[in-house]
Undergrad: 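Before I ask anything, let me first share the structure, which is written out below as structure tokens.
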Amino acid sequence: MCGIIGVTGRASAVDDILSGLRRLEYRGYDSSGVVAVTSDRLGVVKRSGKLDRLSEALGTDVLTGSTGIGHTRWATHGAPTDDNAHPHLDPTGRVAVVHNGIIENYRLLRAELDGAAFASETDTEVVAHLVARELDAVDGPDLLEAVRRVLGRLEGAYALCVLSADEPDTIVVARQQAPLIVAAIDGVGLCASDVAALIEYTDTCAALLDGQIARVRPGSYEVFDRNGDPAQAEEFTVDWDLSAAEKQGYEHFMLKEIHEQPIAVAETLLGRDDGAGRIVLDELRIDPAELARIDKVFILAAGTSLHAGMAGKIAIEHWAGIPVEVEVASEFRYRDPIVTDRTLVIAISQSGETIDTIAAADHARAQGAPVVAISNVVGSTLTRSADAVLYTRAGPEIAVASTKAFTTQIVACLVLALYLAQRKDRAFASEVSDVLARLDELPGLIRRVVEDDTAIRAAAERFKDVGYTMFIGRHAGLPIAYEGALKLKEVSYLHAEAFPAGEMKHGPIALIEPGSLVVAVAHDGHVFSKMVSNIQEVRARGASVLAIGTESSRAALEAHADVVITVPDAPHELATPVLTVLPLQLYAYYVAVLRGADVDQPRNLAKTVTVE
Ligand code: M6R
């Protein structure tokens, strides 16, 4: 959940680290710090709070040096204080460490360092102590070997960057279940949690694999396995540039990313039809014949990606006729799911680094199931381990609240559903081409919604102080009810919950009283009349209703709801969620802005959840 970066070989290393941390801040933002080698000793500045506090401190506490490492934190062990902020040093101040992950056996390791004084409550500090002890031993090894020896004693997940004053232009990095990339350009060596931090310098990086360790020096990096033998990291090139990771005039990344959805969806659909009605996946390492045998699908994901999976389930069952279970990834591996080699796992993750989703997919693969990843990040851990990949080509998503990732994930699910239908001989090439051609209308329809948000702003103004909002939906509207509630609570901190509309009478309707707000996702379709009945039931009990519908259902909704916001009719009913979610993304955004919330960096959250 934390962001780490290292730079060696640039006179401006500290400034570079600070600007890299700005692009990593979405990974965690409760404290930050930087350490640089200054005249053969380590200089450290760290602060609790947002990165601006570190930036201010660096303005006065001038720190220079051509080699340094930095960190932006999402606290796991120890409160977000100055002391617990990374980097952490050994007691002599000659070794510094930044870390993303959790060292699970840190208490044991601390106890073994009998009598050592620790300056923080973190799990990370013990790593600096251990590396320093290895270096201090008679005939002590070099930094690479010292770190390698220490890694053999660590349990848990980590991406580590280690610096020693005795090897002033070297950064040693190591990876175990937490992302870490390295890169080299003219005279400069770089390492970071992800490409967002390095895109300013290069679009070509290498992702370390689990168990690998690397020595980064000015202009080069060398990769080794856990035994110290030379190894290869996975090189990859990113196809977006720095401007994609900047706000480009928008007040917030969230708003910018909402407005990027027409292009993101268009890119995700691009080239999926090979011209003969066959669907093209980005990476296919499964025998297509194996997919024809699939008799069960698990969709595994978390948060917003889980809601996209719910929409995907409806499409796969409809087109491919395969039973689908959608499961919260963090639950999957702690029960006994029935998985065989005829079970297909679809793991959905924007970042491709969510630990729960990766672990769940690995758990299924170990039982023989092929895994298809739907991800937005090329080269991410999930995409490298999956048997096939369908990329959502949404470009970097920086706001913690996921928006363009969601709509592109649904589109990817629709494409995958059609692909499976073909493998199962349930769809003709002409039918697939026809549906894909209709989906090509989506970008234009999305643009119409996001470019005219007057009614949505007015609704946000009217309901911004309602403390509890209930979201209801049915069929393809239900995932949108869940997603609408998640968006509202994470950016505005208002209490929101979603229910299948048909469940209301089984309990939740007891919450409704005069003044309650119900958001009903009620697009035109075969469950529309049932949604209208549910709307009438909550209104009869005093609730205000904000209905999200489609243009052809507007008149009917206006007869029953207090506020009606419609989107254009979708080119296919199963694509409706791609449109109905848009007003709810904008509604959550405007409510949060009106309430003065920190839209892009909501409290307690981080963009990528790399710890359990
Ligand atoms: O990167 P992932 O798609 O695996 O992330 C999953 C969730 O952590 C993510 O969707 C989260 O729920 C977002 N904050 C939602 O806006």
Side-chain angles (χ1 to χ4, degrees), residues 1 3 26-29 74 177-179 193-196 252-255 257-258 261 264 268 299-312 326-332 345-362 371 373-383 385-386 389-392 394-410 412-413 479-480 482-493 496 498 581-582 584-589 592 597-612:
M1 318 266 289
Y26 70 89
R27 300 180 70 91
Y29 35 79
W74 187 87
Q177 289 177 19
S193 300
D194 72 42
V195 285
H252 297 101
F253 278 112
M254 184 177 174
L255 188 61
E257 289 159 8
I258 289 172
Q261 289 177 104
T268 302
I299 297 181
L300 306 176
T304 287
S305 299
L306 184 77
H307 302 151
M310 291 175 182
V326 184
E327 176 134 5
V328 174
S330 55
E331 287 295 318
F332 183 76
V345 165
I346 301 173
I348 309 179
S349 173
Q350 187 282 132
S351 61
E353 300 295 351
T354 297
I355 185 109
D356 294 319
T357 308
I358 293 167
D362 288 349
V371 174
I374 294 179
S375 178
N376 195 36
V377 180
V378 176
S380 57
T381 304
L382 182 67
T383 62
S385 60
V389 185
L390 221 159
Y391 284 110
T392 52
E397 191 180 66
I398 308 289
V400 166
S402 195
T403 53
K404 62 179 178 172
F406 179 70
T407 41
T408 54
Q409 285 166 345
I410 296 178
C413 284
I480 301 312
Y482 283 118
E483 179 57 11
L486 176 62
K487 283 287 87 75
L488 185 64
K489 72 181 101 171
E490 71 180 329
V491 296
S492 73
Y493 316 144
V581 76
L582 305 168
L584 295 180
Q585 294 172 343
L586 285 160
Y587 177 75
Y589 172 77
D598 190 343
V599 175
D600 283 337
Q601 296 180 336
R603 69 186 181 203
N604 304 338
L605 293 176
K607 179 79 179 157
T608 310
V609 180
T610 56
V611 291
E612 272 197 87

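First listed ligand is number 1; within each ligand, the first listed atom is number 1. Computed from a prediction, not measured in an experiment: that's the story for all the values here.
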Undergrad: Of the listed options (T357, N376, T354), which comes nearest to atom 2 (P) of ligand 1 when hydrogens are ignored and any heavy atom counts?
TA: T354
Undergrad: Got the closest protein heavy atom to atom 1 (O) of ligand 1, with its distance?
TA: S351 OG, 2.7 Å
Undergrad: Look at atom 8 (O) of ligand 1 and say which protein heavy atom is nearest, naming residue and atom and giving the distance to 0.1 Å.
TA: V609 CG2, 4.2 Å
Undergrad: Evaluating non-hydrogen atoms only, which member of Q409, E490, K489 is closest to atom 14 (N) of ligand 1?
TA: E490
Undergrad: Identify, for atom 11 (C) of ligand 1, the protein heavy atom at the shortest distance, and state residue, atom and that distance.
TA: T304 N, 4.2 Å
Undergrad: In ligand 1, which numbered atoms sit nearer than 4.0 Å to a non-hydrogen atom of S402?
TA: 15 (C), 16 (O)
Undergrad: Can you sort out the partners of K607 under salt bridge (charged side-chain N to carboxylate O under 4.0 Å, His left out), two or more places apart, ordered by chain and number?
TA: E397
Undergrad: Which of the numbered atoms in ligand 1 are below 4.0 angstrom from a heavy atom of A401?
TA: 16 (O)
Undergrad: Identify, by atom number and element, the atoms of ligand 1 in contact range of S349, meaning under 4.0 Å from any of its heavy atoms.
TA: 1 (O), 2 (P), 3 (O), 4 (O)
Undergrad: Looking only at protein heavy atoms, which one is nearest to atom 6 (C) of ligand 1, and what is the separation?
TA: A302 O, 3.3 Å
Undergrad: Provide the number and element of each atom of ligand 1 under 4.0 Å from a heavy atom of S305.
TA: 2 (P), 3 (O), 10 (O)
Undergrad: Can you name the residues that form a salt bridge (charged side-chain N to carboxylate O under 4.0 Å, His left out) with E490, not counting sequence neighbours?
TA: K487
Undergrad: For V400, take its heavy atoms, then give the atoms of ligand 1 lying under 4.0 Å from any of them.
TA: 13 (C), 14 (N), 16 (O)
